[in-house]
Number of protein chains: 2
Amino acid sequence: MYIISLTQSKNPLLMVNKLQHSTNCVDCKCKYSIFKNLHPFELDLINNARFQVSYKAGEIIFKQGTPSPYFVCVTSGLAKIYIEGYGKNLILALVKPVDYIFGPGIYVDNRHYYSASAVEDSTACLVDVNLFKKLIRENPDFADEFIKRVSLQAIFNFDQVISLTQKQMHGRIADVIFYLSDKIYCQNPFNMTISRQDLADLSGMSKESAIRILKEFKEEGILTVHGNTLEILNTKQLRQISETG
Amino acid sequence: MYIISLTQSKNPLLMVNKLQHSTNCVDCKCKYSIFKNLHPFELDLINNARFQVSYKAGEIIFKQGTPSPYFVCVTSGLAKIYIEGYGKNLILALVKPVDYIFGPGIYVDNRHYYSASAVEDSTACLVDVNLFKKLIRENPDFADEFIKRVSLQAIFNFDQVISLTQKQMHGRIADVIFYLSDKIYCQNPFNMTISRQDLADLSGMSKESAIRILKEFKEEGILTVHGNTLEILNTKQLRQISETG
DNA sequence: CACCTATATTGATATATATCAATGAGGATT
DNA sequence: AATCCTCATTGATATATATCAATATAGGTG
């Protein structure tokens with residue numbers, strides 16, 4: 001097993017480099033997640049079929065519309081999945097270790113319906129989608145777990161749609177700040193490794209508007225922003241803003 | 001097998017009435033759909049466990065937040081599934097025969113994450129969700145088909161989110177009109193059995209705005225509206241509006 | 001260190017959209 | 001036929017939000 005960096009270099013000879021040994025699936029904390037119901041021999045199948053890739057911040061992992069031969073497991077760093085819409089992007093989610101990127105296209109036409117790229121320097125394991133689908137057919141517990149995860153994703157998207165379509169900007173930014181603090185960085189003063197544009201793409205507004213709302217929140221003492229470090233000072237008030245839209 | 005009308009009458013004695021015989025699953029065209037991969041004995045299991053209910057237009061099939069013991073198959077009429085958000089509803093989809101309503105809650109906490117109600121007088125078959133999940137575990141072809149349908153639903157939702165968040169009102173109304181004409185009523189002069197409020201809830205705007213856009217389209221000769229009958233006159237121009245947002 | 005580029009910030013303005021209020025039309029009920 | 005009620009329509013107005021343009025800042029690079 002090797003880590004292969006697909007650096008988007010101008011020199012094609014550098015496209016596959018920095019090979020390094022990685023741990024195997026059995027040692028990986030991934031196995032406690034969606035893979036928890038796999039038998040050891042099944043986990044071994046995945047271990048043999050997978051390969052690990054590293055991405056620099058900003059690099060594209062896959063593009064919307066392209067074939068989807070791999071199931072992606074993010075093992076370090078931070079990635080975003082986003083739909084490329086009419087002129088601007090909508091970020092569906094940030095993906096951190098250990099979480100998975102499996103698009104709905106896997107069971108439809110083997111195309112990606114969204115793009116993915118690395119926000120921070122990241123590594124990921126790629127597993128052949130056919131092996132994945134084979135295990136779903138053969139192991140009902142694994143299938144149940146897979147469907148459960150797809151369902152959780154759908155529920156998350158429902159919340160997101162309601163936030164995006166029924167709340168105004170202040171409420172949407174509040175939602176995204178909670179998402180970052182509670183689900184992604186999991187700490188309160190947190191270092192936003194995403195850009196302001198990403199913040200805007202998460203909350204469905206222009207970059208300028210996102211910045212302005214952040215400034216207002218700062219002026220009202222709800223939070224502080226120093227560079228990319230954001231601290232929520234008044235959780236209650238921010239929650240209130242999230243709920244009143 | 002009986003058809004039971006759960007009419008929301010003031011008289012509780014009338015709650016279960018109008019019992020009538022229905023065809024069984026083997027004769028039902030449902031079996032060509034998601035059930036196409038079931039063995040005859042499995043189809044028979046469903047046939048014995050299901051029961052058929054009829055709803056009057058406007059009646060609620062289930063409410064967001066309530067337990068989700070049944071998988072719903074719409075066999076006649078037209079239903080809508082919608083999220084009850086902050087003050088207003090967002091219609092996720094219209095469901096016509098023969099199509100299915102299975103929410104993501106089935107695999108998470110057995111709760112509904114959206115509500116469903118009948119738009120037209122409708123009938124539906126209800127099947128115990130546990131039987132459904134059991135068949136998914138036991139029949140990989142059925143599981144594959146189920147996951148495929150969930151995936152198609154997710155892809156549909158992606159398109160919808162992009163329309164709702166990145167297009168302005170004219171584009172969104174155009175999208176909804178194509179949805180109604182191509183996917184729901186499947187004819188060109190079609191009789192809109194949904195209300196203007198539903199039209200607004202489908203396109204994420206106020207009822208007044210939806211009506212105004214319709215009026216503009218009428219004035220520009222893109223379509224005609226007589227009462228609830230809508231005819232698209234200039235498909236090309238409407239497509240153009242959909243695409244330029 | 002100076003430069004350069006990408007990103008962040010701010011302000012001024014235009015515009016898309018919701019809201020409010022009033023009126024109109026159709027179906028049901030008496 | 002008259003009443004009532006829901007739904008559809010229209011107009012006037014307020015406001016949320018995007019856009020455009022200018023400036024500031026910071027990180028990387030020679």
Have A:Tyr55 and A:Ser117 got a donor and an acceptor in their side chains that come within less than 3.5 Å? no
Taking C:dT10, C:dT17, D:dT9 as options, the one with an atom nearest any side-chain atom of B:Ser209 is C:dT17
Using whole Å, report how far CD1 of A:Ile173 lies from P of D:dA16. 15 Å
Can you tell me how far C1' of D:dC7 sits from CD1 of B:Ile194, to the nearest Å? 14 Å
Checking contacts here: which listed nucleotide (C:dA16, C:dA21, C:dA18) is nearest the side-chain heavy atoms of B:Glu208? C:dA21
Does the structure place the NZ or CZ of B:Lys80 under 6.0 Å from the centre of the six-membered ring of B:Tyr82, at an angle of no more than 45° from the ring's axis? yes
Can you confirm whether the side chains of A:Thr123 and A:Ser76 place a donor and an acceptor under 3.5 Å from each other? yes
Establish whether the base of D:dC7 is bridged to the side chain of B:Gln197 by a donor-acceptor pair shorter than 3.5 Å. no
Value in whole Å for how far the P atom of D:dT9 lies from CD of B:Glu216: 14 Å
Taking atom C1' of C:dT9 as reference, at what distance in whole Å does atom CZ of A:Arg196 sit? 9 Å
Using only modelled atom types and a 3.5 angstrom limit, is any donor from either the side chain of A:Arg212 or the base of D:dT19 paired with an acceptor on the other? yes
In whole angstrom, what separates B:Leu199's CG from D:dA8's P? 10 Å
Determine: side-chain N/O of B:Ser206 to OP1/OP2 of C:dT17, distance under 4.0 Å, yes or no. no
Using residues 209-227 of chain B as the side-chain source, report each donor-acceptor pair under 3.5 Å to any protein atom, sequence neighbours left out, with the distance given to one decimal.
| unit_1 | atom_1 | unit_2 | atom_2 | d |
| --- | --- | --- | --- | --- |
| B:Ser209 | OG | B:Ser206 | OG | 3.1 |
| B:Glu216 | OE1 | B:His170 | NE2 | 2.9 |

Euclidean distance, atom NZ of residue A:Lys207 to atom C1' of C:dG11 [Å, nearest integer]: 15 Å
Give B:Ser195 one of three labels, base, sugar-phosphate or nothing, depending on what nucleic acid heavy atoms sit under 4.0 Å from its own. sugar-phosphate
Would you tell me if any nitrogen or oxygen in the side chain of B:Lys218 comes within less than 4.0 Å of OP1 or OP2 on D:dT9? no
Please tell me whether A:Phe156 and A:Tyr179 form a close aromatic pair, meaning their ring centres lie under 6.0 Å apart. yes
Counting only side-chain heavy atoms from C-beta out, which of D:dA16, C:dT10, D:dT10 sits nearest to A:Lys215? C:dT10
Expressed as a whole number of angstroms, how long is the span from B:Met205:CE to D:dT17:P? 15 Å
Given atom CZ of A:Arg172 and atom P of D:dT17, what is their separation to the nearest angstrom? 6 Å
